[in-house]
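Some notes on the structure that comes next.
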Amino acid sequence: MPAIRPAIPSDWPFWRSLDGHISQELFLRKAAAGECYVALEDGAPAGLLRWNLFWDAVPFCTLLYVDAAHRGGGLGRALMRRWEDDMRAAGHGMVMTSTQVDETAQHFYRKLGYADAGGFTVTVPGYEQPLELVMTKDIRRTS
């Protein structure tokens, strides 16, 4: 069973190796706010999850990433479960995430009980991407 814990400042080198989307400054702010988790396998960091509040109210998983050497062993599922449990304990009844439709993550999220809720495309030059699929999950009951 993997250990899941909130990220701490000394996780930055590992974090940076998997998440090139945020700066060290933002990572430190999010870690201090409890918006980042690290999964450990045999005591070593192996995966991560970060989140924020969509509409300043609904927990939204913005990144779930497991190091390639550790995929397929349940780390992603464990990270999502820990995050969902924490969001439920904080009084939230719904969580959200998203993934591009050309990525396989949508199938993973559906297995965890997430449902398609819509999507959007980005056509701004330099930011273009396939449809971003938004997914939601009712967490009022444990799964």
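Quick note: residue numbers are just sequence positions, from 1. Since the structure is predicted, the reported quantities are computational estimates derived from the model, not experimental observations.
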Practice problem: Apply the test salt bridge (Lys or Arg N to Asp or Glu O under 4.0 Å) to residues Asp85 and Arg88: give CA-CA distance (whole Å), side-chain angles for both, the deciding distance (0.1 Å), then the verdict. | Solution: CA-CA 5 Å; Asp85 288 346; Arg88 188 181 305 102; 2.8 Å; yes
Exercise. Run the numbers on Glu132 and Ser98 for side-chain hydrogen bond (donor to acceptor under 3.5 Å, both in side chains), then give the verdict.
Key: CA-CA 6 Å; Glu132 186 76 12; Ser98 70; 2.6 Å; yes
Quiz item: Is there a side-chain contact (heavy atoms from CB on, under 4.5 Å) between Met80 and Leu64 once you walk through the steps?
Solution: CA-CA 8 Å; Met80 291 299 288; Leu64 172 67; 3.8 Å; yes
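At a threshold of 4.5 Å between non-hydrogen side-chain atoms, the residues Lys137 and Tyr109 do not count as touching. Contact of the Asp116 side chain with the Leu133 side chain is registered, since non-hydrogen atoms from C-beta on lie closer than 4.5 Å. Leu53 places none of its side-chain heavy atoms less than 4.5 Å from the side chain of Val58. Between Arg110 and Tyr114 the shortest side-chain heavy-atom distance does not fall below 4.5 Å. The closest side-chain heavy-atom distance from Asp67 to His70 is below 4.5 Å. Arg50 is not listed as a side-chain neighbour of Tyr65, based on a closest heavy-atom distance of 4.5 Å or more. Between Pro130 and Thr121, every side-chain heavy-atom pair lies at or beyond the 4.5 Å cut-off.
Checked against Val122 for a side chain to side chain contact (heavy atoms under 4.5 Å, CB included), the options Gln100, Gln129, Glu128 give a single hit: Gln129.
Leu79 and Leu18 fall into different hydrophobic clusters, where Ile, Leu, Val, Met, Phe, Trp and Tyr are joined by side-chain heavy atoms under 4.5 Å apart, directly or via other members. At a threshold of 4.5 Å between side-chain heavy atoms, the hydrophobic network of Ile, Leu, Val, Met, Phe, Trp and Tyr places Val38 and Ile8 in two separate groups. Cluster annotation: Leu40 and Leu49 are assigned to distinct hydrophobic clusters (Ile/Leu/Val/Met/Phe/Trp/Tyr, side-chain heavy-atom contacts under 4.5 Å, transitive). No single ILVMFWY cluster, assembled from side-chain heavy atoms under 4.5 Å apart, contains both Met94 and Met87. Placement of Leu26 and Phe60 in two distinct hydrophobic clusters is found when ILVMFWY residues are connected by side-chain heavy-atom separations under 4.5 Å, directly or transitively.
Closest approach of Trp51 and Lys30 over heavy atoms only: O-NZ, 2.7 Å. For Val101 against Gln106, the heavy-atom pair with the smallest separation is O-NE2, 2.9 Å. The two residues Phe54 and Met96 have their closest heavy-atom pair at CD2-SD, 3.7 Å. Here the closest heavy-atom approach between residue Glu84 and residue Ile139 is recorded as O-CD1, 3.8 Å. Taking each heavy atom of Met135 and Thr99 in turn, the nearest pair found is SD-CG2, 4.5 Å. Looking at every heavy atom in both residues, Gly119 comes nearest to Leu131 through C-CD1, 3.8 Å.
Counting only N and O atoms by type, the side chains of Asp19 and Trp15 include a donor and acceptor under 3.5 Å apart.
For Phe14, there are no ring-ring contact (aromatic ring centres under 6.0 Å, His included) partners at least two apart in sequence or on another chain. In terms of the side chain to side chain donor-acceptor pair (under 3.5 Å) criterion, Asn52 has no residue partners (sequence neighbours excluded).
For residues 36-47, the set of pairs meeting the side-chain hydrogen bond (donor to acceptor under 3.5 Å, both in side chains) definition, not counting sequence neighbours, comprises Tyr37-Asp86.
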